[in-house]
Amino acid sequence: MRTGMFALAAGLACLPLLPQLPPTWLLLALLPLALMLLPWRSYPLALLLFGFVWACFSAQAALDDRLATALDGRTLWLEGRISGLPEVGEGVVRFQLEDAVAREQRLPQRLRLSWYDGPPVRAGERWRLAVKLKRPRGLVNPQGFDYEAWLLERGLRATGTIRARAEAARLDAFVWRPETVVERLRDGVRERFLSAVPGAPYAGVLIALAIGDQRAIPPEQWQVFNRTGVTH
């Protein structure tokens, strides 16, 4: 059993080694082969193939959910629900928008939006916004931060900048869903920390320990943690 688990994990780990995803017909051809190998002593190879096919299909599904090329750079009116913890800093509000819909257009499940000089927003609110959409992209620099991979890892298939602030409208103050309630509670804890210890140098550390949100920790403190070996 342990050998089979390692084989399955190895199959999943093969995905980053590929220059591109294999064609669908090849993946479908590997499934019957894996099923034939499963009842015999060659079952580790079968599980390795299962892991490989599973990883490839999952990656293809993630890529298929990206913003359509025809919508790249276009401004659309859309409606959606804010999820996660909004980020506020340097005159810009950044947040995730889920279940976004636009007239006669298919949109990704989750977007990352930036609202310059925008009003405070909270998890669970539903808004109608004019957004200039962009496909995920990052700088081609092997030594730098891979922004496109970061977006893909978090299920963010498009980014955008909000336009026409005067015409933006909040449709619902709160959408009752289990995940929304948890996000609102985390947001409330973060706001209480920020109001109780305004300007404290380690307020971001306290927030990270309490709710797991590390974005309020400044880069200077991360450098200290790295040098002292207490990043964890």
Side-chain angles (χ1 to χ4, degrees), residues 65-67 71-138 147 150-151 153-208 210-219:
D65 191 40
R66 288 183 301 180
L67 182 71
L71 300 180
D72 190 18
R74 288 185 54 185
T75 299
L76 299 177
W77 279 100
L78 52 86
E79 298 178 6
R81 175 180 58 86
I82 296 176
S83 64
L85 295 177
E87 307 171 33
V88 181
E90 299 181 357
V92 59
V93 180
R94 293 185 174 88
F95 57 90
Q96 299 177 9
L97 196 73
E98 287 192 357
D99 304 326
V101 294
R103 183 178 299 178
E104 300 180 355
Q105 300 291 349
R106 188 189 71 84
L107 297 176
Q109 177 69 20
R110 185 180 300 167
L111 313 172
R112 178 175 170 84
L113 304 182
S114 300
W115 197 346
Y116 291 89
D117 297 324
V121 297
R122 300 195 66 187
E125 295 178 345
R126 189 170 183 85
W127 283 78
R128 181 174 183 267
L129 306 162
V131 181
K132 183 179 181 180
L133 297 170
K134 294 182 180 179
R135 287 169 63 87
R137 58 175 60 92
Y147 182 61
W150 183 85
L151 292 174
E153 178 185 353
R154 285 157 178 77
L156 301 167
R157 308 297 185 242
T159 62
T161 304
I162 297 173
R163 308 291 189 183
R165 174 183 175 181
E167 300 181 19
R170 188 178 64 181
L171 304 178
D172 295 310
F174 187 69
V175 179
W176 287 97
R177 293 186 179 182
E179 64 273 16
T180 303
V181 174
V182 173
E183 292 165 355
R184 181 62 70 90
L185 290 175
R186 294 179 68 219
D187 194 12
V189 171
R190 182 179 64 173
E191 292 299 324
R192 290 195 176 187
F193 267 109
L194 294 176
S195 61
V197 287
Y202 287 98
V205 177
L206 296 176
I207 294 173
I211 62 174
D213 181 23
Q214 302 176 354
R215 292 169 297 185
I217 301 178

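Only a predicted model underlies this, so the values are computations on that prediction, with no experimental measurement involved.
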Engineer: Which heavy atom of Val92 sits nearest to which heavy atom of Ser114, and what is that distance?
Structural biologist: CG2-CB, 4.1 Å
Engineer: Considering all heavy atoms of both residues, which atom of Leu78 and which atom of Leu133 are nearest to each other, and what is their separation?
Structural biologist: CD2-CD2, 4.3 Å
Engineer: Where is the tightest heavy-atom contact between Gly84 and Pro86, given as atom of each residue plus distance?
Structural biologist: O-CD, 3.5 Å
Engineer: Does any part of the side chain of Val93, heavy atoms only, come nearer than 4.5 Å to the side chain of Ile162, both counted from C-beta?
Structural biologist: no
Engineer: Atom CZ in Arg110, atom CG in Leu156: separation rounded to 0.5 Å?
Structural biologist: 6.0 Å
Engineer: Mind checking whether Leu97 and Ile82 have side chains closer than 4.5 Å, heavy atoms only?
Structural biologist: yes
Engineer: What pairs with Arg186 under side-chain hydrogen bond (donor to acceptor under 3.5 Å, both in side chains), at least two apart in sequence or on another chain?
Structural biologist: none
Engineer: Checking Arg135 side chain against Leu67 main chain: does a donor-acceptor pair fall under 3.5 Å?
Structural biologist: yes
Engineer: Can you check whether Lys132 reaches Leu113 side chain to side chain, under 4.5 Å on heavy atoms?
Structural biologist: no
Engineer: Return the minimal non-hydrogen interatomic distance between Leu71 and Arg106, and the atom names on each side.
Structural biologist: CD1-O, 4.0 Å
Engineer: Identify whether the distance between the nearest side-chain nitrogen and carboxylate oxygen of Asp99 and Arg81 falls below 4.0 Å.
Structural biologist: yes
Engineer: For Leu151 and Arg157, which heavy atoms make the closest approach, and how far apart are they?
Structural biologist: O-NH1, 4.0 Å
Engineer: For the residue pair Gly160 and Val131, what are the closest heavy atoms and their distance?
Structural biologist: CA-CG1, 3.8 Å
Engineer: Any chance you could measure Leu129, atom CG, to Leu76, atom CG, to the nearest 0.5 Å?
Structural biologist: 12.0 Å
Engineer: Working note: Tyr116 + Arg94, criterion side-chain contact (heavy atoms from CB on, under 4.5 Å); need CA distance, chi angles, decisive distance, verdict.
Structural biologist: CA-CA 9 Å; Tyr116 291 89; Arg94 293 185 174 88; 4.0 Å; yes
Engineer: Answer yes or no on whether Arg103 is positioned over the face of Trp77, meaning its NZ or CZ is under 6.0 Å from the six-membered ring centre and within 45° of the axis.
Structural biologist: no
Engineer: Quick check: do Arg170 and Arg122 have side-chain heavy atoms less than 4.5 Å from each other?
Structural biologist: no
Engineer: Does the side chain of Trp127 come within less than 4.5 Å of Trp115's, by heavy atoms?
Structural biologist: yes
